[in-house]
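Scope of the values below: all heavy atoms of this structure, side chains included, with no hydrogens, waters or symmetry mates.
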Amino acid sequence: MTYSFETRRRRTFAIISHPDAGKTTLTEKLLLFSGAIQIAGSVKARKATRHATSDWMEIEKQRGISVASSVMQMVYRDHVINLLDTPGHKDFSEDTYRVLTAVDSALMVIDAANGVEAQTRRLIEVCRQRDTPIITFVNKMDREVRDPLDILDEVERELGMPCVPMTWPVGQGKTFGGIINLRTQTMTVFESGSDRRSQDFETIALDDRATLEKRFGHDFQTAMDAIELACGASPEFDEKAFLEGKQTPVFFGSGVNNFGVMEVLDALVDLAPPPQNRTSSLAVNKAPVIRTVHPKDPFFSGVVFKVQANMDPSHRDRIAFVRMCSGKYTPGLKLKVMRTAKELRPTSVVTFMSQRREAVEEAYAGDIVGFTTHGGVQLGDTITDGSVNLQFTGLPFFAPELFQTVVLRNPLRTKQLQQGLAQLGEEGAIQVFRPEVGGNMLLGAVGQLQFEVVQHRLKGEYDADIKLEGSQYTGARWITADTPAELRAFCEAYPMRMARDAANTLAYLCTSPYDVRLAQERFPKIHFHPLREHAGLALHNAG
């Protein structure tokens, strides 16, 4: 059946790493090697007109960092590869977390000089919670780096899973000679240069030992000894263990020099899984009923894991990024937002080649499609063709730890500010809280850089110039109650502490951890939630 054939061709994965490990550069090179783009932009060349294809936001071009997840689709070896580039900066971990709910595997990039860094650890935790299969790429082997065996040992400790080397470096830094491919039993010879393609690199069979020893001498012998040690300490590659997130294949290379990239691209096709089953829930007589949605199910279903406003500033549009979970999309298909039971009528439906969008002719489970809308869609929304009743679960919102008060410099721009905050709040760029008893809007963030990005975007995209002032609040908890009467009593007791977020969910603002404890003692039937799943909290609009 077409569904089965098409979904088996799909690979949907995210690239994750600590900042500066070379993730965005590797993203560019994967696109280059698949033929999706003709020239790779350098992320570091901030003053140049050419920037990394996946970094489109103005602030990203100025700083040379990724602060928004971007989506790209490419075709390689007759497989449709959906690649999601995530922000490496810890301040945007929420965006990355949500992206990881939309993929079937992850490609982890590690800087060979620094090993596993703090942000990588956080992302690994997320992958481990979901048993996401991880392919590891150790980058920057053309620099002075740590011993490959040390890196493998650290990755094993940090991931809590065995590493299985698929390629191995010969030398490093100035003496970096290339990589040995253990799958093909060949050595690919390294040459520097960012314009080289896979066919430009010389390949020598490992059987030709005399040639390799003559050309690479001690480095080659050291590499072969290290391979023997590494393979002796590592298990054989086990597809089942990899797919269950219990083993990671490891590749070495230099992304900036296009070296070792083709091996990773091949691994994504050969090893990474096609679209997987998804869990949904449905309230039947107020009791949740769990349903498994299979990629080959004939009905269209998908989940909104990202909303991005103003990708095209001249059109003021908003794009809902939808991970398709089942069925087939063709133009004109009727769509329904399950949360509101309203029909979704997008002005266009596109797939992404970063900034370039192409109209969708057909899309299948595993694909990421963008619905251009003017509202009515939120993060975590389930979209179907209306023939089924279900709600996908698992898209989290974390209680912010930093708060700032919004002060508009020009009161005549109030309408623009409200529109901007509403859209950026729905997008998940920041959490926006509207106090129930008046007063200025509050912004809640996981990291400081989120405030800077939102301030920059409000001015650039909405012409709303704001200053941010300190706030007394240090936390928020979403609240639910056993009965509407209990909720009303609580709200009346703490009127100045109540606020609603972008999804209109009720939250209690606190100035210290003791606030929650005292409120809990006083109102034992009120429940305080540090995490909100999109499907909503019972009674959140009660009272």
Side-chain angles (χ1 to χ4, degrees), residues 19-20 23-24 41-71 85-99 119 306-319 321 354-355 379 397-398 400-434 440-471 501-502:
D20 291 329
K23 174 173 56 62
T24 304
S42 167
V43 191
K44 293 293 177 195
R46 299 178 197 177
K47 291 180 183 171
T49 53
R50 202 168 78 220
H51 294 280
T53 306
S54 59
D55 285 350
W56 55 268
M57 202 185 286
E58 193 57 40
I59 197 166
E60 295 182 308
K61 293 173 184 175
Q62 290 174 11
R63 290 180 179 239
I65 58 166
S66 299
V67 300
S69 305
S70 46
V71 177
D85 178 20
T86 61
H89 201 286
K90 70 180 189 310
D91 289 9
F92 302 95
S93 52
E94 266 199 287
D95 195 24
T96 303
Y97 198 121
R98 288 191 283 261
V99 164
Q119 181 59 8
K306 176 180 172 61
V307 177
Q308 184 75 57
N310 307 321
M311 279 186 79
D312 183 349
S314 60
H315 286 103
R316 293 277 173 216
D317 58 359
R318 194 178 325 182
I319 291 190
F321 290 75
S354 196
Q355 293 125 310
L379 278 171
F397 293 79
F398 302 95
E401 296 158 13
L402 304 172
F403 286 86
Q404 296 209 328
T405 306
V406 178
V407 179
L408 187 58
R409 294 183 195 274
N410 179 358
L412 296 176
R413 310 300 294 172
T414 301
K415 187 179 174 185
Q416 286 82 354
L417 174 67
Q418 287 173 341
Q419 182 193 18
L421 286 179
Q423 293 194 357
L424 294 177
E426 284 183 11
E427 185 183 307
I430 202 151
Q431 294 195 43
V432 180
F433 291 89
R434 185 181 72 254
N440 287 2
M441 301 284 262
L442 286 167
L443 298 184
V446 174
Q448 185 63 36
L449 192 54
Q450 280 180 275
F451 292 124
E452 293 178 38
V453 169
V454 165
Q455 193 170 9
H456 179 95
R457 290 186 63 190
L458 281 171
K459 188 172 182 181
E461 296 170 22
Y462 299 94
D463 194 20
D465 191 8
I466 63 164
K467 62 178 178 178
L468 294 170
E469 295 182 348
S471 166
D501 68 6

Looking at [atom1] of [X] and [atom2] of [Y], how far apart are the two atoms once the value is rounded to the nearest 0.5 Å?
X	Y	atom1	atom2	value
Lys459	Ile466	NZ	CD1	11.0 Å
Leu458	Gln416	CG	CD	11.0 Å
Gln455	Arg457	CD	CZ	13.5 Å

So do the side chains of Ile430 and Val453 get within less than 4.5 Å of each other, counting heavy atoms only? no
Would you please name every residue forming a side chain to side chain contact (heavy atoms under 4.5 Å, CB included) with Ala502, sequence neighbours left out?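 Residues passing side chain to side chain contact (heavy atoms under 4.5 Å, CB included) with Ala502: none at all.
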Take Leu424 and Val432 through the side-chain contact (heavy atoms from CB on, under 4.5 Å) test and state the conclusion after the steps. CA-CA 8 Å; Leu424 294 177; Val432 180; 5.7 Å; no
Donor-acceptor pair, Gln450 side chain versus Gly444 backbone, under 3.5 Å? no
Determine the minimum heavy-atom distance between [X] and [Y], stating which atoms define it.
X	Y	answer
Phe433	Pro400	CE1-CG, 3.8 Å
Phe451	Leu443	CE2-O, 3.6 Å
Gln431	Phe398	NE2-O, 2.6 Å
Tyr462	Gln423	OH-OE1, 2.8 Å

Test side-chain contact (heavy atoms from CB on, under 4.5 Å) on Phe397 and Leu379 and set out the steps. CA-CA 10 Å; Phe397 293 79; Leu379 278 171; 3.6 Å; yes
Check: residues 402-413 side-chain donor-acceptor pairs under 3.5 Å, at least two apart:
unit_1	atom_1	unit_2	atom_2	d
Arg409	NE	Asp465	OD1	3.4
Asn410	OD1	Leu412	N	3.0
Arg413	NE	Asp463	O	3.1
Arg413	NH2	Asp463	OD2	2.9

State which residues pass salt bridge (charged side-chain N to carboxylate O under 4.0 Å, His left out) with Lys467; sequence neighbours excluded, sorted by chain then number. Glu469
